[in-house]
Amino acid sequence: MNPIDQLFQKLRAERRKAFIPFITAGDPSLAATAAFVRKLAESGASLVEIGFPYSDPIADGPIIQASYTRALERGIQVDPILATSRQMAGDPALAARGIPLVGMVSYSLVHRRGPRKFLEQAQAAGYSGAIVPDLPLEESESLARLAAALDFKLIHLVTPTTPMDRAARIARLSTGFLYCVSVTGVTGERDRLPDQVLDQLRRLRKETDVPLCVGFGISKPEHVQMLREEVDGVIVGSAFVRRLAEAGTRPLEDVVNEMGALAKLLVTALNPL
Amino acid sequence: MPAAVPDVQGRFGPYGGRFVPETLMHALEQLTIAYDAAREDGEFQKQFDYYLRQYVGRPSPLYFAERLTHEAGGARIFLKREDLNHTGAHKINNCIGQALLARRMGKPRVIAETGAGQHGVATATAAALFGFQCQVYMGEEDVRRQKLNVFKMRALGTEVVSVTSGSRTLRDAINEAMRDWMATVEHTHYIIGSVVGPHPFPMMVRDFQSVIGTETRQQCQEQVHRLPDVVIACVGGGSNSAGMFYPFVGDREVELVGVEAGGRSAVEGQHAATLSHGKPGVLHGSYSYVLQDADGQTAPVHSISAGLDYPGVGPEHSHWRDTGRVQYTSVGDDEALQGFDLCSRLEGILPALETSHAIVEAMRQAKRRAKQDVVVVCFSGRGDKDCFEVAQLRGQEID
């Protein structure tokens, strides 16, 4: 069974929710990425999303864009990301807890390598699935077929602008979980989340059994509390990635510990004891 | 005319499609429906024609360039004078069309990206004309280099947003415009400036620009009583060329030649000749030829002409390249500057640096062709905007 399916089966049995942090690969270095991921795993992450830096990420707000730009300026490439991912996936902090890795990767990178080769190599590097944010349903058929043959999850997104019938169709085709975007816009922290996201979650719940995870704009315990009853998990990106901007100039350990503290704060809000 | 392209998925052969975040999918679907209805609506076409005639100043002349012809010593060279349009380039054709569409969709705000500023000025102009709120995204580097166009846009009531992310050029201006649109899609229309981006933009921009080729075809029949032997246009994203070529695609006897920016050399980062040196990939929402590295990261590009300085190209051009319907070649920075001088001095017309690339290829073609042959060049824009750049390259100063 795919580790993502195992994870949500277990969480649902325990009536707990998944905490999914996102971190950019290679900002400020791959060694630092591995240290962040270990800390996040030790601090209650259920699954970790690894962002593959891309030169033209149109779905991302300024924080993740800037992080991708920094990583690319330092010459980060896909092969070393995969090699480090292999180590991260094998790290006991993740492996012993059954914490899967999911890649967030532009279709440009997948296409250039060749979709089959990309999926096989990602799987060999310890990824259980991928989110391809610029590959909507209409363009995803062949990649979805390749992924299904490998039992590799292809996680689709629905957004507040997605009409309900389309959202239901996407939900039926998403594997692993469904990524529910909370806001109309790009990634990045928001003061508050729109209430409509709750309506959409309730309606989607009637359409599908696939786990529903919400991302974009989430950075505070209040956000997590607002969502927790309606979701299977929350995804937090920019609030972590924001800390990478200074990670090159501050002691790595301080940044690692801050990330751990933020993760614990959000995990506690998500799964109160 | 080839009615089968693009198909319902927006595919020109294998190229095109919609490689965008889900947030934009509904808006693209709505836009497709609105555009399909508009183009079947005689009233919409009538309005479009009205503004092109009374406001833009169409039809633009097809001018016999006698002295360039004499200089080349071969075929006759004709210039399709898009430089004489209001705002000085072909860009306004598309902006009027999309602004009318935005008005029809009831969207009160428009946004655009711009490189050198021509599309920005054309969008700002259409926004003023139709009373839209307007923001134009422009790379920080281009804002500095194109002060005159920045001033024009502001004078027209548009807010110019300086883009400081990524490459700080046209590529990132498009990224920022798409991000804006992601958040504002319910009340904003994105007037993309070329035949690039997700479906329906490549088709729609081509259609609005195809007035160039349609007029040329008719004018050529009137003036030389037959179709041209070869039609030449420069290709950045590819809007003036797509608009010029499209009405000729079915005329197999008419050769079509697209001219890309050869820059300084064929080394990566030194040119913007996407169809000559690129590979199929994904950029800015469509599948097309793109200049990128072995991982799929977009490569740096260079051209003396800001309008050609783009690492992608419209998907229909990729299709025309693969099917062989259009030949693509390139002209370097130095040759383009020579073309700028030649056309200025022999014809009394300052061409845009983009257009200068096409002029150079027209001279090459005319030289090797018989005297009775007809070479048509899409004279996409005037050179006023490039005077500062050309002066600087020559070590002269304009104050």
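On a predicted model such as this, the values are computed, not experimentally measured, just so you know. We name chains A, B, ... by the order of the sequence lines, and we start the count at 1 in each one.
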Below 4.5 Å from any heavy atom of chain A, which atoms of B:Glu29 appear? Answer side chain, backbone, both or neither. neither
A:Ile58 side chain reached by B:Pro21 side chain, heavy atoms, under 4.5 Å: yes
For the CD atom of B:Gln297 and the CG atom of A:Leu72, what is their distance to the nearest 0.5 Å? 4.5 Å
Electrostatic pair A:Arg113-B:Asp295, nearest N-O below 4.0 angstrom: yes
Mind checking whether A:Ser55 and B:Arg171 have side chains closer than 4.5 Å, heavy atoms only? yes
Might you point out which heavy atoms bring B:Val282 and A:Ser108 nearest each other, and give the distance in Å? O-OG, 3.5 Å
Mind listing the closest non-hydrogen atom pair of B:Asp293 and A:Arg112 along with its distance? O-NE, 3.4 Å
Side-chain heavy atoms of B:Met25 within contact of A:Thr161, under 4.5 Å: no
Of the backbone (N, CA, C, O) and the side chain (C-beta and beyond), which part of B:Ala294 lies under 4.5 Å from a heavy atom of chain A, both, or neither? backbone
Please examine the side chains of B:Arg179 and A:Pro57, heavy atoms only from C-beta on, and report whether any two atoms are closer than 4.5 Å. yes
Between B:Glu22 and A:Thr162, is any side-chain donor less than 3.5 angstrom from a side-chain acceptor? yes
I want to check something: taking the side chain as every heavy atom from C-beta on, are B:Tyr287 and A:His111 in contact at a cut-off of under 4.5 Å? yes
